[in-house]
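Comments concern the structure below.
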Amino acid sequence: MTESPNDPTRDGAAFAEEVRAEARRELETATTPERSSDLVELRDVRLSFGDNHVLNGITMGVGAGQTLCILGGSGVGKSTVLRLILRLLLPDSGEVLVEGRDISAVSNVDVLELRERMGMVFQGSALFDSLDVFDNVAFPLYEHTGMGDEAIMERVHEVLSFVDLDPDDVLRLLPAELSGGMRKRVAIARAIVHKPPILLFDEPTSGLDPITTRTIDELILKLRRELSVCAVVVTHDIRSAARIATETALLKDGQIIFNGTPEEMFSSEDSYVRTFLS
Amino acid sequence: MFGIAVSVHEYFTLLARLLRSCVTRPFYRRDVVQQMDTIGVASLFIVVLTGLFTGMVLALQSAVEMERFGATIYIGRLVGASTVRELGPVLTALMVTGRAGAGMAAAIGAMRVTEQVDALRTMGVDPIRKLVAPRFLAALIMLPLLTIVADLVAILGGLLIAVVKLDLTAELYMRSVYETLAQTGFVLRYIPIDLIQGLVKPLAFGGIMAVTSCFYGLRTTGGTEGVGRATTQAVVTTSILVLAVDYFLTQILIVLFVG
């Protein structure tokens, strides 16, 4: 039986050491690509909802072939960062740059084009209930490309195979007929079907069992390895972050209190970082 | 008070964006047809039942009063006029709101709380164009058609009572209906002005139902409980708006057609 990271009977320091060891193993085996210029960059971003200051001067960046994991407790503004990158929200001050373009300066018409450069995997998968797997995955292609039915079918088969699903088995199933892990994989297939250079993940492993979690993590690694995508992953799963991240950012009270590689995070002496990891 | 003003502003902003979506590309024709089926065909049965019982009860109630004056031969006039001018459009709108309007608010509300609306945005698709415009156009087309069905069935319901319970002949009843509809004249020689008046209203009611239901659906928050709340708000607000707009439209139509 796999032990739960939240098991209160476990010794915190032992768990932290175990995670560090795993992170070291992952880092030794993973190939960390050279840092290229940032595809997604936040510069001193501030955002408030009324009196609630969600982000207080966030600065971070991530380039092609990189995976940035944004960690933090509940309600610290992790998902808000993704919504800013997608321009579903606008910052009160500071800059959010996507492929060098400031999203605040992009018009409402151009933002649709900007979003086509990104793929998003939502926490609850957000598959369209009324559409089957094929129509869900093919949706961005029908919307934004002039591809014919045959080419679309071929591409949908290709991406479903990429996420380790058998197209013949799942193509005509509705989202309600899929397991949690399958839904996540279909959501990833939909996010990558139009080959976006930037992928955003909101809690990709939340609510999944440890084995499926590992499968999704390996899929994210595969995306980096084979497609060299720039990925921003919001998670509170330390084990996942250790496996997939090339860089981590830990959020607390709307500020980044740690930014560095997973190895640096696991060897950090900062008391909050250590508390978070334990 | 400030909250109401903000809601009214958001409602009209949605309406403006919706109208722009209806006249600019891309169009989602397949979604319009699908919504016509959901709003129109699927509501046909309840509309027929509503029309039938409304016509029957109108004939029955008016017979009680008219028998006193020996005026039962005018029952067709009463049923025809009240159905085509008023009850057909209003009752059809209220019934379709309870069925299709609630369905719109619940479907879009569920999409909102499960992030499907955000997923559309992130894929570069405008939710107003994809979700609201097809429902709006389908409602504009289907509400007048359903109203015609309700009017016809209500007149037939009145006929049933007139013949079976009041011993009137079918010819006498139908002539009475025709006379009242002919009273205000015809457009293009054959279409009664009363019917035109009766079809302007469902056009407006269809628009109100779609916009209001989608408005509440799109601002749903708070999980499944929020979906239930949005659905209730959509049905209540649409019903009140239909009744209020009916009054003002009637005033305008009387000035325009009756003088």
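Order of the sequence lines sets the chain letters (A, B, ...), proteins ahead of strands, with each chain counted from 1.
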What parts of residues 136-155 of chain A touch chain B if we use heavy atoms and a cut-off under 4.5 Å?
-> A:Phe139, A:Pro140, A:Glu143, A:His144

Under a 4.5 Å heavy-atom criterion, the part of residues 121-151 of chain B in contact with chain A comprises B:Arg121, B:Thr122, B:Met123, B:Gly124, B:Val125, B:Lys130

Nearest heavy-atom pair of B:Glu115 and A:Asp202: which atoms, and what distance?
-> OE2-OD2, 4.4 Å

Which bit of A:Leu127 comes within less than 4.5 Å of chain B, counting heavy atoms only: side chain, backbone, both or neither?
-> backbone

Over 12 non-hydrogen atoms of neighbours within 6.0 angstrom of CZ in B:Phe45 | no

For chain B, which residues of residues 177-196 of chain A have heavy atoms nearer than 4.5 angstrom = A:Arg190

Within residues 81-93 of chain A, the residues sitting under 4.5 Å from chain B by heavy atom, in sequence order, are A:Arg83, A:Leu86, A:Leu88

Shortest non-hydrogen contact from A:Phe128 toward B:Met111 = CD2-CE, 4.1 Å

Heavy-atom closest contact (B:Ala119 atom, A:Phe122 atom, distance) | CA-CE1, 3.5 Å

Other residues, nucleotides, ligands: >12 heavy atoms within 6.0 Å of B:Glu225 CD = no

